[in-house]
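Heads up: the structure comes next, in structure tokens.
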2 protein chains.
Amino acid sequence: MIAARTGQDTAAPERCRRCEIRDAAICGSLPDSGLARLSAIGRTRKLKRGDTLTWEGDDAQTVANVRSGILRLTAGNADGEQQILGLAFESEFVGQFHDRQERYSVMALTDATVCLFRRTDFAALAAETPAMANAVMTALSSELGRAQQWMRLLGRKSAEERVATFLWDLYCRSGAHEDHPVPLPLTRQQIADVLGLTIETVSRKIRQISRSGTIELPDLRSFRVRSAAALERLAA
Amino acid sequence: MIAARTGQDTAAPERCRRCEIRDAAICGSLPDSGLARLSAIGRTRKLKRGDTLTWEGDDAQTVANVRSGILRLTAGNADGEQQILGLAFESEFVGQFHDRQERYSVMALTDATVCLFRRTDFAALAAETPAMANAVMTALSSELGRAQQWMRLLGRKSAEERVATFLWDLYCRSGAHEDHPVPLPLTRQQIADVLGLTIETVSRKIRQISRSGTIELPDLRSFRVRSAAALERLAA
DNA sequence: CGAACGATTGAGCTTCGTCAATGTGCGTGG
DNA sequence: CCACGCACATTGACGAAGCTCAATCGTTCG
């Protein structure tokens with residue numbers, strides 16, 4: 001999800017210039033010494049699908065960089081209702097760089113690998129290394145940008161546009177080309193939760209886009225884009 | 001609007017513990033020297049209702065702290081459609097602390113006073129003063145929290161809940177008590193834009209909440225809360 | 001095979017947007 | 001002062017989008 005127009009030319013990889021996706025750019029602006037320090041304090045953790053990395057309200061001990069898989073960020077409210085705040089894909093950061101309390105719960109939607117940093121280590125590094133502090137701000141800025149794109153999706157897009165946006169997003173991130181299969185590692189229910197729709201509406205709209213010939217559905221866990229242009233147009 | 005649970009005990013004022021609103025806490029964690037530096041680089045500007053402070057896409061020259069009035073943050077997309085990203089009230093910050101390009105346009109919904117800082121001054125201060133960098137991160141974090149609350153409003157709330165949330169928000173911020181008039185300095189159209197609804201729906205829902213006895217409408221530019229508990233319940 | 005789970009499809013209903021008519025308050029010019 | 005125009009607000013009728021409820025289908029796994 002979705003765009004941070006950072007207005008910066010960092011060295012961070014950009015997977016797809018045309019869609020709304022950019023990678024979090026935290027590493028791009030770091031000097032080598034910062035990178036070395038960073039990797040010195042990180043450790044890898046593997047998550048199984050369904051595992052929860054952090055719970056909303058917990059002490060914020062760690063921030064994480066996604067190496068593989070898809071994480072889901074959710075915040076509950078008093079009624080126990082869950083609002084999905086977004087997804088985090090490879091290379092993106094999740095967690096509170098600054099706050100002492102988790103603002104959202106993070107769950108793995110697929111098997112995933114993350115690189116964990118203790119928040120305090122991170123903060124200490126930021127305090128002593130201006131470039132690091134700068135990088136944290138970049139990450140926060142970029143997260144904010146993603147949040148704002150997400151708002152546009154939730155606030156203004158129709159069900160069809162939401163579904164198309166989601167598929168387009170996955171397509172762009174996957175690096176696949178037209179007619180090549182793109183993994184779709186979420187259930188319809190999970191997609192519905194992410195997009196703020198019901199499972200029935202998601203199912204109907206996916207079918208509808210498929211019947212229109214824009215995509216193909218070889219099975220429930222993948223899709224092929226027949227016309228990228230048409231899909232992008234549907235995504236609005 | 002709306003909540004940043006920073007998990008921090010800062011000295012920043014908290015107007016209303018019960019509702020979702022907190023003040024941006026940037027000043028709370030600054031040492032006096034930082035504050036002195038901060039006020040040295042700031043300057044005041046008055047905005048008339050309808051004035052635009054910054055345009056999306058412009059070079060980000062300044063960040064601003066709202067001293068009075070209400071600002072509206074919007075982002076356009078290719079189609080020229082506008083998505084409202086939120087409002088900024090007294091004591092909150094708007095603008096890009098980190099990015100070189102404005103991410104949203106800022107317009108005054110009412111006459112307003114802002115305190116402006118050049119982004120570069122701000123950044124320089126942050127680079128040399130860890131406490132200042134920390135404060136910027138706090139502000140970014142808090143903005144992120146607001147964005148996430150806004151997502152919940154856009155993603156999950158019904159028209160009635162949105163309107164009630166908005167009124168509840170204003171009520172809490174105003175510091176007024178039950179049966180005291182709360183200023184409502186926006187037109188129905190502006191409220192509709194903010195909440196992602198149409199003017200007709202806003203009008204109907206406000207009337208409906210009024211007919212239910214929860215609020216009273218002495219005129220179009222203010223309201224009185226008859227039952228704060230009921231209003232909070234409607235806000236969900 | 002049968003149970004369980006996810007997905008699909010249909011029917012009906014609710015909510016909210018659209019379009020159109022009407023009401024209300026206010027400033028301006030006669 | 002009054003009449004008029006204008007902007008904003010309200011209200012009603014209608015329709016479309018999407019939600020709810022329920023039935024059915026397909027796959028997978030025991």
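As the structure is a computational prediction, the values presented were derived from the model and not from experiment. Letters go in sequence order (proteins before strands), and every chain restarts at 1. What you see below is based on every heavy atom in this structure, not just the backbone, and it leaves out hydrogens, waters and symmetry mates.
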For A:D219 and A:S222, indicate whether the former's side chain and the latter's backbone hold a donor-acceptor pair under 3.5 Å.
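Yes; judged by distance alone, with no hydrogens or angles, the pair exists.
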A:Y104 side-chain N/O to A:R72 backbone N/O, donor-acceptor pair under 3.5 Å:
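Not at all, since once roles are kept as given, no pair shorter than 3.5 Å links the two residues.
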Spacing of [X] atom [atom1] relative to [N] atom [atom2], expressed in whole Å:
| X | N | atom1 | atom2 | value |
| --- | --- | --- | --- | --- |
| A:L186 | C:dG6 | CG | P | 13 Å |
| B:R188 | D:dC8 | CZ | P | 12 Å |
| A:F223 | C:dA7 | CZ | P | 15 Å |
| B:E161 | C:dT15 | CD | C1' | 12 Å |
| A:L109 | C:dG6 | CG | C1' | 16 Å |
| B:L197 | C:dG17 | CG | C1' | 10 Å |
| A:D219 | C:dT8 | CG | P | 11 Å |

Please determine whether a side-chain nitrogen of the Lys or Arg among A:R226 and A:E216 lies less than 4.0 Å from a carboxylate oxygen of the Asp or Glu.
yes
Using the side-chain heavy atoms of [X], tell me which of these nucleotides is nearest: [options].
| X | options | result |
| --- | --- | --- |
| B:R221 | C:dG6, C:dG17, D:dC8 | D:dC8 |
| B:E200 | C:dT18, C:dG17, C:dA7 | C:dT18 |
| A:I199 | C:dT8, C:dG17, C:dC16 | C:dT8 |

Strictly below 4.0 Å: does A:T198 bring a side-chain N or O up to OP1 or OP2 of D:dG18?
no
Parallel under 30°, tilted from 30 to 60°, perpendicular over 60°: which one fits the rings of B:F97 and B:F93?
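The rings of B:F97 and B:F93 sit tilted, inter-plane angle from 30° to 60°.
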Determine the interplanar angle of the A:H180 and A:H177 rings, folded into 0 to 90°, and report it as parallel if under 30°, tilted if 30 to 60°, perpendicular if over 60°.
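Geometry flag for A:H177 against A:H180: perpendicular rings.
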Members of residues 202-211 of chain B that approach DNA chain C, where some heavy atom sits under 4.0 Å away:
B:R204, B:K205
Side-chain donor/acceptor of B:Q189 to base of D:dC8, under 3.5 Å
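No such pair is found, so the answer is no.
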I'd like to know if B:Q190 reaches the base of D:dC8 with its side chain, counting only an N/O donor and acceptor under 3.5 Å.
no
Taken to the nearest 0.5 Å, the spacing of A:F89 CZ from A:I70 CD1 works out to 4.0 Å
So how far is it from B:D169 CG to B:L231 CG, rounded to the nearest 0.5 Å?
10.0 Å
